[in-house]
Q: 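Structure incoming, see below.
Small disclaimer: the values here were computed from a predicted structure and weren't measured. Any value given below was found using the heavy atoms of this structure, including those in side chains, with hydrogens, waters and symmetry copies removed. Just so we're on the same page: letters track the sequence lines, and every chain starts at 1.
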2 protein chains.
Amino acid sequence: MRTRDRILEQSLGLFNAEGLPRVSTNRIAAELQISPGNLYYHFRSKEQIVEWLIRRLEQRIAPLADPAVAVVALDDWWLTLHLGLEAITAYRFLYRDMDFLLHEYPRCGARVQHQVALSVRAAMRQCQQLLAAGVLRANAAEIAALARQIVFTATCWPTYSRLMHIGEAGAEGPEHAAYYLLALMSPYVDGASRQYLDYLRSKYVR
Amino acid sequence: MRTRDRILEQSLGLFNAEGLPRVSTNRIAAELQISPGNLYYHFRSKEQIVEWLIRRLEQRIAPLADPAVAVVALDDWWLTLHLGLEAITAYRFLYRDMDFLLHEYPRCGARVQHQVALSVRAAMRQCQQLLAAGVLRANAAEIAALARQIVFTATCWPTYSRLMHIGEAGAEGPEHAAYYLLALMSPYVDGASRQYLDYLRSKYVR
DNA sequence: GTCTATATGCGGATAGAC
DNA sequence: GTCTATCCGCATATAGAC
């Protein structure tokens, strides 16, 4: 089953680099120096390749949204968020062309939608834990809006940033998004936690 | 020149409803009950249709980014932002498939990029005016991050919202984005202005 | 498992008559 | 200005030999 894995790996790389709709199955095969027919022996369709890639992403982010994980300090939140950003970066093609995904491969699109919905719920849970721990100071409406903003920014900022600074190195990496995520959180944090947050933020100044 | 305008109007409607890549020139012609050849008599290419639509959008938002406009009260800011959101909604297909746009029609993509860059600059100017007027309370770094967040949210939230709540009415309208834009601004506003902001926000609760 | 060859369909765009 | 007919190229996917 070696060829199968090579197809998945090469597809992920090409999809991230050039975008799902612009990478044809013929292209993937050519890049791997195998025939198109061979590729279709391993995967019934292009959609199936995408579906297996999504499966890998799901396994990677599932532990981050696990309710059992306690988030009681800013550090816990930050680690979780950073791991999430890295996962999103590694599979950024899914978020980059979501409109295409949803229309061309509805099953895949629905799965990504579901993952994002789970992330929103997890973000709310984590914000509430931080509130209970006294790290955050905000009312219920603010918490809800903040959690949604966090997930929105984490998923969409890399794409936005890439579009606006096309060709610039690192524009789609997690660092750009990280800075703005800290900025979102900042007004609701004070005391010692706020100092730590400012410290983190200073590491991401451009 | 009647047919030409009908083509533009119909294209805009179809692009917004189904997305730029999924609406073919043949489809536009069929919908208007004219022949594909006729369409290509009026526009050399599909790209030219898009280019004329962008031109209309540019004319619509230019006055909103005009440095001559004074933004000294929360009300001024809110009006400008709301007009901007309505313009984005009216031409949402441009933001919905920006990756496609940038790769397939680089000239068009660059123009939209340029418009967004202008919007960021305008947002910063306006935030600084609000700061000077005592409506906002923030340092320079916070102002810069806030202005970027505002433009990012205004341009990307409608698309994100639509993808997450596909089929739901109003998900891509300006209202959803409006609520979160006010939430972004809120922590940096206090006193009488804050009360007014909360009042505005209450009108958009879901 | 892997290849070659090919079916099938669609989208953008053009030619030339009316 | 508008039509009909058609070219061209590409992408997904399949058939059948090796």
Side-chain angles (χ1 to χ4, degrees), chain A residues 1-54 93-94 96-109, chain B residues 1-54 93-94 96-109:
Chain A
M1 294 260 167
R2 196 60 228 284
T3 304
R4 195 188 156 82
D5 290 334
R6 286 179 64 222
I7 293 172
L8 283 176
E9 219 52 53
Q10 184 76 38
S11 298
L12 177 60
L14 287 171
F15 291 161
N16 279 337
E18 305 183 16
L20 182 55
R22 273 176 301 285
V23 176
S24 68
T25 49
N26 286 337
R27 170 77 189 288
I28 298 167
E31 212 81 27
L32 286 169
Q33 291 177 307
I34 65 173
S35 67
N38 191 1
L39 185 145
Y40 276 92
Y41 168 78
H42 291 283
F43 295 94
R44 252 180 248 286
S45 65
K46 188 176 171 183
E47 181 168 17
Q48 277 227 333
I49 298 178
V50 178
E51 214 161 344
W52 279 97
L53 289 173
I54 292 176
F93 79 94
L94 290 170
R96 178 172 156 181
D97 296 297
M98 257 197 89
D99 194 72
F100 174 84
L101 193 72
L102 262 155
H103 281 86
E104 221 69 19
Y105 310 128
R107 296 167 53 90
C108 293
Chain B
M1 295 263 164
R2 197 59 227 284
T3 305
R4 194 188 157 82
D5 290 334
R6 285 180 63 224
I7 293 172
L8 282 176
E9 219 53 53
Q10 185 76 39
S11 299
L12 177 59
L14 287 170
F15 291 161
N16 279 337
E18 306 184 16
L20 182 54
R22 274 177 300 285
V23 176
S24 68
T25 49
N26 286 336
R27 169 80 188 288
I28 298 167
E31 211 81 25
L32 287 169
Q33 291 177 309
I34 65 174
S35 66
N38 190 2
L39 184 146
Y40 276 93
Y41 168 79
H42 290 284
F43 296 93
R44 251 181 249 284
S45 64
K46 188 175 172 184
E47 179 167 18
Q48 277 228 333
I49 299 179
V50 178
E51 212 160 344
W52 279 96
L53 289 173
I54 291 177
F93 80 94
L94 290 170
R96 178 172 156 181
D97 295 297
M98 257 196 89
D99 194 72
F100 174 84
L101 193 72
L102 263 155
H103 280 86
E104 219 70 19
Y105 310 128
R107 295 166 54 89
C108 293

Q: Output the rounded distance in Å from CG (B/Leu14) to P (C/dG11).
A: 13 Å

Q: Between atom CD in B/Glu31 and atom P in C/dG11, what is the gap in whole Å?
A: 13 Å

Q: Using whole Å, what does the distance between atom P of nucleotide C/dG12 and atom CD of B/Glu104 come to?
A: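 In whole Å, C/dG12 P and B/Glu104 CD are 10 Å from each other.
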
Q: Considering only heavy atoms of chain A and a distance under 4.0 Å, specify the first and last nucleotide of DNA chain D in 5' to 3' order that meet this criterion.
A: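 Span of nucleotides near chain A: D/dA11 to D/dT14.
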
Q: How many whole angstroms separate atom CG of A/Asn26 from atom P of C/dT6?
A: 15 Å

Q: Rounded to whole Å, how long is the line connecting atom CD1 of B/Ile7 with atom P of C/dA13?
A: 14 Å

Q: So A/Phe93 and A/Leu12, do their side chains get closer than 4.5 Å, heavy atoms only?
A: yes

Q: Please round to the nearest 0.5 Å and tell me the distance separating atom OH of A/Tyr41 and atom CD1 of A/Ile34.
A: 12.5 Å

Q: Tell me which residues in residues 47-54 of chain A put a heavy atom below 4.0 Å from DNA chain D, sorted by number, or none.
A: none

Q: Under 4.5 Å between any side-chain heavy atoms of A/Asn38 and A/Leu32, yes or no?
A: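 No. Closest side-chain heavy atoms not under 4.5 Å.
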
Q: Let me check something: any side-chain donor-acceptor pairs from residues 100-108 of chain A under 3.5 Å, sequence neighbours excluded? List them with distances.
A:
from	atom 1	to	atom 2	distance (Å)
A/His103	ND1	A/Asp99	O	3.1
A/His103	ND1	B/Arg22	NH2	3.4
A/Arg107	NH2	A/Glu51	OE2	3.2

Q: Would one find a side-chain N or O of B/Ser45 under 4.0 angstrom from OP1 or OP2 of C/dG12?
A: no

Q: Which is true for A/Ser35 with a 4.0 Å heavy-atom rule: it touches a base, it touches only sugar-phosphate, or it touches nothing?
A: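 The residue A/Ser35 makes base contact.
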
Q: So, do B/Arg4 and B/Trp52 sit near enough that their side-chain heavy atoms are less than 4.5 Å apart?
A: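 Yes, side chains in contact.
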
Q: Rounded off to whole Å, could you give me the CD1-to-P distance for the B/Ile34 and C/dA13 pair?
A: 15 Å

Q: Within a strict 4.5 Å, meaning less than it, do heavy atoms of the A/Asp97 and A/Pro21 side chains meet?
A: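 SC-SC contact between A/Asp97 and A/Pro21 confirmed.
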
Q: Distance check, rounded to the nearest 0.5 Å: B/Arg44 atom CZ versus B/Ile49 atom CD1?
A: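 Interatomic distance, B/Arg44 CZ to B/Ile49 CD1, rounded to 0.5 Å: 13.0 Å.
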
Q: Among A/Asn16, A/Leu20, A/Ile54, which one satisfies side-chain contact (heavy atoms from CB on, under 4.5 Å) with A/Leu94?
A: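 When A/Asn16, A/Leu20, A/Ile54 are each tested with A/Leu94, the side-chain contact (heavy atoms from CB on, under 4.5 Å) holds only for A/Ile54.
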
Q: Just so I know, are the side chains of A/Phe43 and A/Leu8 near enough to count as touching, which here means a heavy-atom distance under 4.5 Å?
A: yes

